[in-house]
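By convention in this document, chain letters (A, B, ...) are assigned in the order of the sequence lines, proteins followed by strands, and residues within each chain are numbered from 1. In this text, all values refer to a predicted model and were calculated from it rather than measured experimentally.
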2 protein chains.
Amino acid sequence: MTSAAAPSRELPHPVRAEIRLEDVLHALSDPVRLRIVCELASDGGELACSHFDLPVTKSTTTHHFRVLRESGVVRQVYRGTAKLSALRREALDDLFPGLLDTLLDAADRQALRLGD
Amino acid sequence: MTSAAAPSRELPHPVRAEIRLEDVLHALSDPVRLRIVCELASDGGELACSHFDLPVTKSTTTHHFRVLRESGVVRQVYRGTAKLSALRREALDDLFPGLLDTLLDAADRQALRLGD
DNA sequence: GTCAAACTACGATGGTTCTCGTACAATGAA
DNA sequence: TTCATTGTACGAGAACCATCGTAGTTTGAC
């Protein structure tokens with residue numbers, strides 16, 4: 001019960017200028033996180049953490065979403081009991097033109113090549 | 001003195017089909033390695049490890065080159081006392097079209113943005 | 001108020017990574 | 001053979017990371 005002020009459930013995000021390529025690459029170098037990003041991209045909008053059927057527990061899922069958020073790859077907001085995540089397409093495309101699309105294409109190709 | 005057989009100084013590389021996107025991204029998510037890759041790309045050919053002026057010791061440099069080689073990003077061969085490294089452009093461009101160029105461009109932009 | 005759903009915080013654990021220093025091996029030149 | 005150059009192997013330490021389980025918070029529905 002935080003008296004007057006705004007919703008206390010605010011999540012810290014790096015501003016655009018703080019996003020670093022190394023952090024983005026590190027975030028995407030984990031299979032679970034790469035999968036999350038691919039699903040977010042193919043959906044295009046906001047998805048709740050619970051939407052994903054990942055091979056890890058809930059607390060590990062929380063960890064992976066935090067890494068994605070803190071590296072600047074996704075933006076997260078609370079809505080009710082859910083936490084919605086969406087790709088930060090604008091920021092990423094502005095900082096690193098073509099990178100996200102090329103990366104998603106690379107992931108698709110590899111999925112095909114290795115048999116889903 | 002290895003009796004008859006071929007040069008014992010052969011370095012293990014993943015074949016093209018074994019190269020995994022996650023490993024490539026992980027390899028490039030370290031600042032020292034990203035810098036090595038950028039220099040290799042701008043040179044275009046083979047460079048000796050000793051060519052690089054990196055902020056780490058020689059043994060750490062060896063470590064970083066091994067990560068790059070084992071992830072499939074560079075190919076390394078011995079020539080005399082030197083070990084030459086070159087980007088595996090063909091393999092990477094074949095597996096992940098456009099990825100390397102987009103990544104190098106992203107690194108350049110970031111270097112400009114953050115002031116060299 | 002009670003309850004279930006969605007997510008988090010915390011601590012722990014086991015593995016990996018980055019870093020180093022020292023000692024060593026391979027090569028080519030003098 | 002001796003020597004300098006180039007890179008490696010090995011061991012170690014510190015930091016980081018992915019994972020989990022348990023206990024807790026926040027929210028909305030009943």
Could you check whether any side-chain heavy atom of A/Pro14 comes within less than 4.5 Å of a side-chain heavy atom of A/Arg20, counting everything from C-beta outward?
no

Could you tell me how far apart B/Arg66 (CZ) and C/dT19 (P) are, to the nearest whole angstrom?
13 Å

For the residue pair B/Thr62 and B/Ser59, confirm or rule out a side-chain donor-acceptor distance under 3.5 Å.
no

Without decimals, in angstroms, what is the distance between B/Leu11 CG and D/dT6 C1'?
14 Å

Could you state the atom-to-atom distance from NE2 of B/His64 to P of C/dC18 in whole Å?
6 Å

Rounded interatomic separation in angstrom, taking CZ from B/Phe65 and P from C/dT17
18 Å

In whole angstrom, give the distance that lies between atom CZ of A/Arg9 and atom P of C/dA9.
9 Å

Take atom CZ of A/Phe52 and atom C1' of C/dA6, then tell me their distance rounded to the nearest Å.
14 Å

Which nucleotide sits closest to the side chain of B/His26: D/dT19, D/dT26, C/dC18?
C/dC18

Identify, residue by residue, the members of residues 72-88 of chain A with a heavy atom below 4.0 Å from DNA chain C, and return them in order of residue number, or none.
A/Tyr78, A/Thr81, A/Ala82, A/Lys83

With a non-hydrogen cut-off below 4.0 angstrom, is A/Ser50 in contact with a base, only sugar-phosphate, or nothing?
sugar-phosphate

In this structure, how many angstroms lie between the P atom of D/dA18 and the CG atom of A/Leu28, rounded?
12 Å

Look at the side chain of A/His63 and decide which nucleotide, out of C/dT19, D/dT19, D/dT22, has an atom nearest to it.
D/dT19

Distance test, side-chain N/O of A/Arg33 to OP1/OP2 of D/dA18, below 4.0 Å:
yes

Test side chain to side chain donor-acceptor pair (under 3.5 Å) on A/Ser29 and B/Glu22 and set out the steps.
CA-CA 4 Å; A/Ser29 70; B/Glu22 294 90 328; over 6 Å; no

So, OP1 or OP2 of C/dG21: does either fall under 4.0 Å of a side-chain N or O from B/Ser59?
no

Expressed as a whole number of angstroms, how long is the span from A/Glu22:CD to C/dT17:P?
18 Å

Looking at every non-hydrogen atom in both residues, tell me the closest pair between A/Gln110 and B/Leu21 and how far apart they are.
OE1-N, 2.7 Å

If you check every side-chain atom of A/Lys58, which of C/dC18, C/dT8, D/dC10 has the closest atom?
C/dT8

More than 12 non-hydrogen atoms from neighbouring residues, nucleotides or ligands closer than 6.0 Å to CD on A/Glu90, yes or no?
no

Checking only heavy atoms, does the side chain of B/Thr62 share a donor-acceptor pair with the base of D/dG7 at less than 3.5 Å?
no

In A/Arg88, A/Arg16, A/Arg89, the residue satisfying salt bridge (Lys or Arg N to Asp or Glu O under 4.0 Å) with A/Asp94 is A/Arg16

Charged N-O contact under 4.0 Å between A/Glu46 and A/Arg75
no

